[in-house]
Peer 1: 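There's a structure below that I have some questions on.
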Amino acid sequence: MRTDQLFQQKTVFSYEVFPPKATTSLDTIYTTLERMKGQQPDFISVTLGAGGSVKNLQTVEIAHKIQTEQFLPSVAHLPAIHFTKAEILTILAQLKAKKIDNILALRGDIIPGKPTSDDFIHAADLVSFIKEHGAFNIIGACYPETHLEAKNAIEDIRFLKEKVEAGTSQLVSQLFFDNQYFYRFLERCALAQIEVPIQAGIMPVVNKKQIERITKMSHVTLPEKFLKMMARYEHNPEAIRDAGIAYAVDQIVDLVAQGVDGIHLYTMNNPYVAKRIREATRSLFETPSLALIAE
């Protein structure tokens with residue numbers, strides 16, 4: 001099933017998981033998925049796995065297993081900066097063979113020491129290429145606090161619009177901890193006439209090491225409220241976990257009340273945390289979205 005069709009029916013709630021390291025058995029992620037059974041997100045996306053060759057990507061196998069064993073739509077992440085057109089065609093053939101209809105098309109981060117390809121300089125290049133070679137639903141990434149490499153928010157929105165016009169049918173945002181950044185981002189999208197569904201990316205922070213890694217990689221803004229929470233509970237693992245879950249739930253409640261198209265939960269492969277958040281917010285997603293009520 002194409003995940004873009006879900007937004008016509010409801011406010012969407014989805015999960016993201018990631019494959020294990022190349023030296024770790026795939027059974028670890030399958031155990032994680034088994035423990036997530038019954039939580040029933042609307043779909044599950046799978047990041048690109050580092051293990052295997054382009055002819056045997058873990059992401060494809062995991063996405064296929066989600067569809068065949070959990071009976072949920074899956075989304076395969078596809079960052080293209082390190083792939084050639086020929087390699088992307090091989091991956092697209094694998095996805096088609098496994099009946100995986102949804103791709104999150106990314107330029108991807110440049111990995112030091114790994115050769116890059118000049119075939120896909122921007123995500124829009126990959127989107128156009130996928131559109132030419134298959135009937136996939138293409139999802140794109142967006143950045144409420146602006147992409148790190150963009151000169152400013154105006155340039156960032158211009159590139160995003162190009163990506164949508166190339167064939168992207170829905171967007172999922174990078175994580176953020178202050179909803180006001182997301183609302184201002186939606187205003188910029190509206191001014192640019194970007195009209196596809198936009199999911200808010202939410203990551204529950206459950207330990208101090210996690211937030212240090214996040215801020216180093218993504219440079220998101222940490223509100224004073226969040227910093228005080230981390231400082232207050234950083235030496236109490238159970239308390240910081242519960243506080244992080246509560247903070248994520250609070251973000252989600254506000255976003256859904258404001259009529260967000262959907263929530264994409266970065267689960268960090270933690271079934272317990274995902275379950276706590278899902279249980280605390282499930283009823284919010286059983287209510288028709290504001291757009292449907294207006295109709």
Side-chain angles (χ1 to χ4, degrees), residues 3 14-30 32-33 41 43-67 72-130 133-134 136-143 147-149 163 168 170-175 199 201 203 213-214 217-218 264-270:
T3 57
S14 57
Y15 285 177
E16 178 180 292
V17 298
F18 54 84
K21 295 180 180 179
T23 55
T24 305
S25 169
L26 274 177
D27 288 341
T28 58
I29 184 60
Y30 294 152
T32 295
L33 290 169
F43 67 84
I44 300 177
S45 74
V46 188
T47 65
L48 187 74
S53 68
V54 73
K55 296 182 180 180
N56 185 32
L57 287 174
Q58 294 178 338
T59 302
V60 177
E61 294 306 314
I62 297 166
H64 177 63
K65 200 168 185 84
I66 288 167
Q67 296 193 160
L72 295 172
S74 64
V75 174
H77 290 219
L78 186 53
I81 191 65
H82 294 287
F83 290 120
T84 64
K85 289 182 177 179
E87 289 171 326
I88 292 295
L89 284 175
T90 298
I91 296 170
L92 295 180
Q94 288 182 60
L95 294 170
K96 184 177 180 180
K98 298 291 188 180
K99 295 182 170 45
I100 298 166
D101 299 323
N102 307 289
I103 298 173
L104 178 55
L106 307 158
R107 188 209 66 176
D109 297 325
I110 296 175
I111 302 172
K114 188 173 182 179
T116 59
S117 167
D118 293 330
D119 287 347
F120 304 103
I121 304 301
H122 302 289
D125 302 327
L126 175 61
V127 173
S128 298
F129 188 78
I130 294 172
H133 295 92
F136 294 98
N137 173 49
I138 306 174
I139 304 164
C142 57
Y143 304 86
H147 192 284
L148 284 172
E149 297 178 22
K163 187 160 51 178
T168 302
Q170 68 185 88
L171 298 168
V172 59
S173 87
Q174 184 188 49
L175 61 100
Q199 281 183 276
M203 178 180 286
R213 183 171 63 251
I214 290 167
M217 293 179 62
S218 61
H264 191 61
L265 188 69
Y266 297 107
T267 70
M268 301 304 290
N269 288 13
N270 191 321

Peer 1: Excluding sequence neighbours, so at least two apart, what forms side chain to side chain contact (heavy atoms under 4.5 Å, CB included) with Leu26?
Peer 2: Pro20, Ile29, Tyr30, Gln58, Ile62
Peer 1: Under the side chain to side chain donor-acceptor pair (under 3.5 Å) test, which residues partner Ser45, sequence neighbours left out?
Peer 2: His77, His264
Peer 1: Could I get the full list of ring-ring contact (aromatic ring centres under 6.0 Å, His included) partners for Phe136, not counting sequence neighbours?
Peer 2: none
Peer 1: Of all residues at least two apart in sequence or in a different chain, which pass the side chain to side chain contact (heavy atoms under 4.5 Å, CB included) check with Asp119?
Peer 2: Thr84, Lys85, Ser117
Peer 1: For Asn137, check side chain to side chain contact (heavy atoms under 4.5 Å, CB included) against everything at least two apart and list the hits.
Peer 2: Arg2, Thr3, Asp4, Asn102, Ile139, Ser169, Gln170
Peer 1: Does Lys65 have any side chain to side chain donor-acceptor pair (under 3.5 Å) partners at least two apart in sequence or in another chain, and if so, which?
Peer 2: Glu69
Peer 1: Tell me every residue that passes side chain to side chain contact (heavy atoms under 4.5 Å, CB included) with Ile81, counting only those two or more places apart in sequence or in another chain.
Peer 2: Arg107, Ile110, Thr116
Peer 1: Which value, rounded to the nearest 0.5 Å, describes the distance between Leu92 atom CG and Leu78 atom CG?
Peer 2: 6.5 Å
Peer 1: Can you list the residues that meet the side chain to side chain donor-acceptor pair (under 3.5 Å) rule with His82, with sequence neighbours excluded?
Peer 2: none
Peer 1: Can you pull the ring pair (Phe, Tyr, Trp, His ring centres under 6.0 Å) pairs that have at least one residue in residues 101-120, sequence neighbours excluded?
Peer 2: Phe120-Phe129
Peer 1: Would you tell me whether Thr47 and Glu16 have side-chain atoms, one donor and one acceptor, within less than 3.5 Å of each other?
Peer 2: no
Peer 1: Tell me, please, which residues at least two apart from Gln174 pass side chain to side chain donor-acceptor pair (under 3.5 Å).
Peer 2: none
Peer 1: Using modelled atom types only, decide if a donor and an acceptor are shared between the side chain of Asn270 and the backbone of Thr267 within a distance under 3.5 Å.
Peer 2: no
